[in-house]
There are 2 protein chains.
Amino acid sequence: MEMALAAIAGRWTTLILRDLMSGPCSFGQLRQRLPSLSAKVLADRLRELESRQLVTRERLSGFPTRTRYALTTRGRALRPLLVSLYETGTALRDLADLPR
Amino acid sequence: MEMALAAIAGRWTTLILRDLMSGPCSFGQLRQRLPSLSAKVLADRLRELESRQLVTRERLSGFPTRTRYALTTRGRALRPLLVSLYETGTALRDLADLPR
DNA sequence: CGGTATCCACGACGATACTG
DNA sequence: CAGTATCGTCGTGGATACCG
């Protein structure tokens with residue numbers, strides 16, 4: 001459990017992973033999908049995910065620079081966990097305030 | 001996903017929930033199972049879990065005082081998530097350092 | 001476009017001591 | 001036994017400004 005929690009630790013991390021689940025993204029694309037997230041925090045998260053070997057970073061040639069972030073095999077291994085987070089959230093919502 | 005993450009937020013929270021999954025516990029029993037956790041932090045977590053309606057607190061009569069913590073229906077709804085955390089952790093361990 | 005560099009505020013965590 | 005009170009530290013997240 002600690003390994004999995006460490007993988008998704010940090011605010012916004014799960015949302016970034018979710019976006020990458022549907023395919024590689026550039027830095028700017030991620031910013032567009034997560035507008036309330038500053039560049040610094042997004043860069044922090046991506047560096048963390050890279051160091052955890054969940055995401056790869058690839059600089060594309062040309063100018064202006066483009067960067068491509070993609071999930072690794074380890075990163076894709078998190079998909080069932082994200083699904084479980086979603087399903088659990090739904091279950092909690094359905095049980096909100098009603099029973100014991 | 002935010003609902004589920006909010007439910008398990010906080011250090012030690014998942015471990016406390018896991019212990020309660022196997023049945024109600026007293027404060028002291030939880031301390032025994034989580035020796036590296038101070039009384040203050042355990043009390044903090046239990047108050048949070050209570051306010052999130054995931055755990056109930058029941059004071060038993062007699063002296064010295066005993067307290068019984070138990071999961072609510074909402075709390076039990078977290079079981080699949082804890083299982084998924086465990087399985088994902090195992091999967092990450094199996095993929096450690098090896099492939100892309 | 002894709003980031004860094006600074007700086008700050010706030011809150012979580014934890015140690016220690018004490019109490020009904 | 002089951003907590004509360006107090007206090008300090010440290011890290012995280014965020015705002016803002018700037019750079020190759």
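Here is the naming used below: chain letters follow the sequence lines, and residue numbers restart at 1 for every chain. Since the structure is predicted, the reported quantities are computational estimates derived from the model, not experimental observations.
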Residue met sooner reading DNA chain C from 5', once Trp12(B) and Arg59(A) are mapped to nucleotides: Arg59(A)
By nearest-nucleotide position on DNA chain C, the 5'-leaning member of Arg11(B) and Tyr69(A) is Tyr69(A)
Distance, rounded to the nearest Å, where [X] contributes [atom1] and [N] contributes [atom2]:
X        : N       : atom1 : atom2 : result
Glu58(A) : dG2(C)  : CD    : P     : 13 Å
Arg66(B) : dC1(D)  : CZ    : P     : 7 Å
Phe27(B) : dG20(C) : CZ    : P     : 17 Å
Arg33(A) : dG2(C)  : CZ    : P     : 13 Å
Leu60(A) : dG2(C)  : CG    : P     : 9 Å
Asp44(B) : dA2(D)  : CG    : P     : 17 Å
Leu5(B)  : dT12(D) : CG    : C1'   : 16 Å
Lys40(B) : dT9(D)  : NZ    : C1'   : 12 Å

Compare every heavy atom of [Y] with every heavy atom of [X], then report the nearest pair and how far apart it is.
X        : Y        : value
Leu20(A) : Tyr69(A) : CD2-O, 3.6 Å
Arg59(A) : Thr65(A) : NH2-CG2, 3.6 Å
Arg52(A) : Arg74(A) : O-NH2, 3.2 Å

For DNA chain D, whose closest nucleotide is more 5', that of Ala39(A) or that of Thr65(B)? Thr65(B)
For Gln29(B) and for Phe63(A), locate the closest nucleotide of DNA chain D by heavy-atom distance; then report the residue assigned to the nucleotide nearer the 5' terminus. Gln29(B)
Below the 4.0 Å mark, does [N] have OP1 or OP2 next to a side-chain nitrogen or oxygen of [X]?
X        : N      : value
Arg47(A) : dT4(C) : yes
Thr67(B) : dC1(D) : no
Arg57(B) : dG3(D) : yes

Between Arg76(B) and Leu71(B), is there a donor-acceptor pair closer than 3.5 Å when you use the side chain of the first and the backbone of the second? yes
Spell out, yes or no, whether Val83(A) and Leu92(B) are grouped together once hydrophobic residues are joined by side-chain heavy atoms under 4.5 Å, including indirect joins. no
Look at all strands and tell whether Arg68(A) reaches a base, only sugar-phosphate, or nothing, counting heavy atoms closer than 4.0 Å. nothing
